[in-house]
Amino acid sequence: MEELVTIGIRLKQIRKFLHLTQNEVARFAHVSQAAISRIEHGEEVYASVFLSLIHFYHSQHISVETIFNPHLDISQEVEKEKSVDHYKSTLLSKIASIRDELSELYTNVHCSY
């Protein structure tokens, strides 16, 4: 039971850090506001509700490690995860650009024969 309370407190901290209400999180996570309240108060909920909530927070750049480790500074972890996502996105964009250039080059060389 103590673990549920700790996780609930952590989820409430994360929600507040993101400047979201329980209703907003419930709507985005496709669960009820009452379920969010129960989780934040350390009460038991269906696993599917909890998983929906974790999935929502993951989409907001909150890792599972951040949720389950109360010693991590939320703001620093979120910034770190956002910057990693930015680098991944930039790299994927550059790779796609190179792939397109190589494809065009291949087409030009192949057509000239």
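Everything quoted here is computed from the prediction, not taken from an experiment.
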>> Would the distance check show the side chain of Ser52 and the main-chain N or O of Ser48 forming a donor-acceptor pair, the cut-off being under 3.5 Å?
In response: yes
> When you look at Glu101 and Glu104, which way does the side chain to side chain contact (heavy atoms under 4.5 Å, CB included) test go after all the steps?
Replying inline: CA-CA 5 Å; Glu101 287 179 31; Glu104 185 178 325; 5.8 Å; no
>> What I want to find out is whether Arg15 reaches Glu24 closely enough, with some N-O distance under 4.0 Å, to be called a salt bridge.
In response: no
> Quick one: CD1 on Ile67 to CD1 on Ile54, what's the gap to the nearest 0.5 Å?
Replying inline: 5.0 Å
> Looking at CG of Asn23 and OG of Ser37, how far apart are the two atoms once the value is rounded to the nearest 0.5 Å?
Replying inline: 10.5 Å
>> Has Ser97 got a side-chain atom pairing as donor or acceptor with Ser93's backbone, closer than 3.5 angstrom?
In response: no
> Would Ile62 and Phe56 count as a side chain to side chain contact (heavy atoms under 4.5 Å, CB included) if you check the C-alpha gap in whole Å, the side-chain angles of each, and the deciding distance to 0.1 Å?
Replying inline: CA-CA 9 Å; Ile62 306 291; Phe56 164 70; over 6 Å; no
> Can you hop from Val64 to Ile7 via hydrophobic side chains spaced under 4.5 Å?
Replying inline: yes
> Are any non-hydrogen side-chain atoms of Lys12 and Ile36 less than 4.5 angstrom apart?
Replying inline: no
>> Donor-acceptor check, side chain of His55 to backbone of Leu51, threshold 3.5 angstrom: yes or no?
In response: no
> Can you name the closest pair of heavy atoms from Glu40 and Leu11 and give their distance?
Replying inline: OE2-O, 4.2 Å
> Any idea how Phe50 and Phe68 line up, ring-wise: parallel (<30°), tilted (30 to 60°), or perpendicular (>60°)?
Replying inline: perpendicular
>> Measuring from atom CZ of Phe28 to atom OH of Tyr57, what distance do you get when rounded to the nearest 0.5 angstrom?
In response: 11.0 Å
> Which pair of heavy atoms, one from Leu18 and one from Gln60, lies closest together, and at what distance?
Replying inline: CD1-CB, 4.1 Å
> Atom CD1 in Ile14, atom CD1 in Ile9: separation rounded to 0.5 Å?
Replying inline: 12.0 Å
> Of all heavy-atom pairs between Thr66 and Arg10, which one has the smallest distance, and what is that distance?
Replying inline: O-NE, 2.9 Å
